[in-house]
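Structure record follows, encoded as structure tokens.
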Amino acid sequence: MMKKSDIKYTAFWDERYQNLDFAYGKEPNLFFKEEVQKLKSGTILLPADGEGRNGVFAAKLGWNVTATDLSIEGKNKAQKLANESGVPLKYIVGDIQKIEFPKESFDVIGLIYAHFSAWKISIIHQKLATLLKPGGYIIFEAFSKNHLDYQKDNQKIGGPKDIDMLFSIEQIQQDFAGLEIQVLEEKEVFLNEGACHNGKGSVIRFIGKKIS
């Protein structure tokens, strides 16, 4: 059974994706775009992929994409974008904490602004690490705890207002302790992603590799 907070969260995203014309645009996140293009295509999992901008981009590169999200409206938009682009997209509506996949079944997992309920973040991260094949990568970008200061100056930058849903370098180190860190930094970025990510923000970027 879903918690009341999760039901409320799902309704929030359904409304956003239903009412806006691609809330974060149709183009992929720039960090994800740069990093995924460096890798040989294979299987990729994109939890919280929303309207599919990153999943569709990966599919265009030849990746076998599995996207997930809580929002059926997100799936509808993602399928529309995939059809426009002429690429296949497997999209599962549900809670990534509860969706089951075989262990070591993905070459890459992309976590792009995947801000989960605070109580489940570490549980999900640790689960996802088990889904990576040896030699596989996690590509991560999401707002840092310092992002709240940026929101005060510009509400258009978006992001959760609950500090416990935001990230720190220390948290990523703990959650993905079994992965080899290739990139881990807090960085000020300028986002131009649709109507809901606009302006300067503070993010955590992480590339982790599963050695064994």
Side-chain angles (χ1 to χ4, degrees), residues 22-69 74-75 77-92 96 99 101-116 124-125 127-144 158-159 167 169 172 175-176 178-194 196-197 201 203-211:
F22 287 87
Y24 302 97
K26 295 183 178 182
E27 297 301 316
N29 169 262
L30 289 178
F31 182 64
F32 176 77
K33 178 181 178 180
E34 290 170 1
E35 295 302 323
V36 79
Q37 287 183 117
K38 296 175 183 178
L39 304 174
K40 181 181 177 182
S41 60
T43 54
I44 185 168
L45 175 65
L46 288 159
D49 198 35
E51 296 164 308
R53 62 193 178 112
N54 297 307
V56 169
F57 177 76
K60 288 180 181 178
L61 296 178
W63 289 84
N64 182 345
V65 179
T66 300
T68 80
D69 202 276
K75 178 180 180 178
K77 290 286 248 331
Q79 295 292 357
K80 177 182 176 182
L81 186 59
N83 291 341
E84 287 177 3
S85 303
V87 295
L89 182 69
K90 181 180 179 182
Y91 197 115
I92 301 171
I96 188 62
I99 300 170
F101 298 103
K103 293 189 184 302
E104 299 186 351
S105 53
F106 295 99
D107 297 294
V108 172
I109 297 174
L111 287 165
I112 306 301
Y113 297 98
H115 290 275
F116 304 108
I124 290 172
H125 284 177
K127 172 184 175 177
L128 293 176
T130 70
L131 303 183
L132 273 184
K133 296 178 183 179
Y137 293 87
I138 284 182
I139 303 173
F140 177 103
E141 180 176 291
F143 291 119
S144 78
F167 297 98
I169 285 175
I172 296 303
D175 287 356
F176 297 110
L179 303 186
E180 178 183 87
I181 296 172
Q182 301 203 332
V183 175
L184 181 56
E185 61 181 357
E186 184 169 349
K187 187 177 181 69
E188 182 180 273
V189 297
F190 186 88
L191 297 177
N192 183 18
E193 299 182 329
C196 295
H197 277 174
V203 303
I204 301 293
R205 286 178 169 175
F206 169 62
I207 303 291
K209 183 177 183 180
K210 188 171 187 177
I211 301 304

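If you read the sequence from its start, that first residue is 1, and numbering goes on from there.
Atom CG in L179 sits 11.0 Å away from atom NE2 in H125 (nearest 0.5 Å). The CD1 atom of I112 lies 10.5 Å from the CG atom of L30; values are rounded to the nearest 0.5 Å. In this structure, the separation between CD on Q182 and CD1 on I139 is 10.5 Å, given to the nearest 0.5 Å. Taken to the nearest 0.5 Å, the OH atom of Y91 stands 12.0 Å off from the OG1 atom of T66. Considering NZ of K80 and NZ of K26, their distance stands at 6.0 Å, rounded to 0.5 Å. Taking CZ of F116 as the start and CD1 of I96 as the end, the distance is 7.0 Å to the nearest 0.5 Å.
Across A142 and H115, no two heavy atoms sit closer than the pair CB-NE2, 3.5 Å. The two atoms that bring I211 and P134 nearest to each other are O-CB, 4.4 Å, heavy atoms only. The two residues P102 and S105 come nearest to each other via the heavy atoms O-OG, 2.6 Å. Summarising the geometry of P47 relative to G110, their closest heavy-atom pair is CD-O, 3.4 Å, with the distance given to 0.1 Å. Across L61 and S41, no two heavy atoms sit closer than the pair O-CB, 4.0 Å. For K133 against E104, the heavy-atom pair with the smallest separation is CG-O, 3.2 Å.
Remark: E186 CD is packed, more than 12 non-hydrogen atoms of other residues, nucleotides or ligands lying under 6.0 Å away.
Screening N64, L131, L46 against F106 for a side chain to side chain contact (heavy atoms under 4.5 Å, CB included) leaves a single residue, L131.
Looking at Q37, its side chain does come within 3.5 Å of a backbone N or O of K33 through a donor-acceptor pair. Listed for the N29 side chain is no donor-acceptor partner under 3.5 Å among the backbone atoms of N54. Side-chain atoms of D107 do not come within 3.5 Å of backbone N or O of G42 as any donor-acceptor pair. Checking side-chain atoms of E141 against main-chain N and O of V203 turns up no donor-acceptor pair under 3.5 Å. For the pair K77 (side chain) and G52 (backbone), a donor-acceptor distance under 3.5 Å is absent.
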request  = Report the C-alpha separation of W63 and L39 in whole Å, then their side-chain angles, then the decisive distance to 0.1 Å, and conclude whether the side-chain contact (heavy atoms from CB on, under 4.5 Å) test is met.
outcome  = CA-CA 10 Å; W63 289 84; L39 304 174; 3.9 Å; yes
Trace of the side-chain contact (heavy atoms from CB on, under 4.5 Å) decision for T43 with F101 = CA-CA 12 Å; T43 54; F101 298 103; over 6 Å; no
task = Run the numbers on F167 and F206 for side-chain contact (heavy atoms from CB on, under 4.5 Å), then give the verdict.
result = CA-CA 11 Å; F167 297 98; F206 169 62; over 6 Å; no
key: CA sep, side-chain torsions, deciding dist, call: L128, L45, side-chain contact (heavy atoms from CB on, under 4.5 Å)   = CA-CA 9 Å; L128 293 176; L45 175 65; 3.9 Å; yes
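Using a 4.5 Å heavy-atom cutoff, the side chains of L191 and Y113 are in contact. For the pair V183/E35, no side-chain contact is recorded, criterion being any heavy-atom separation below 4.5 Å from C-beta on.
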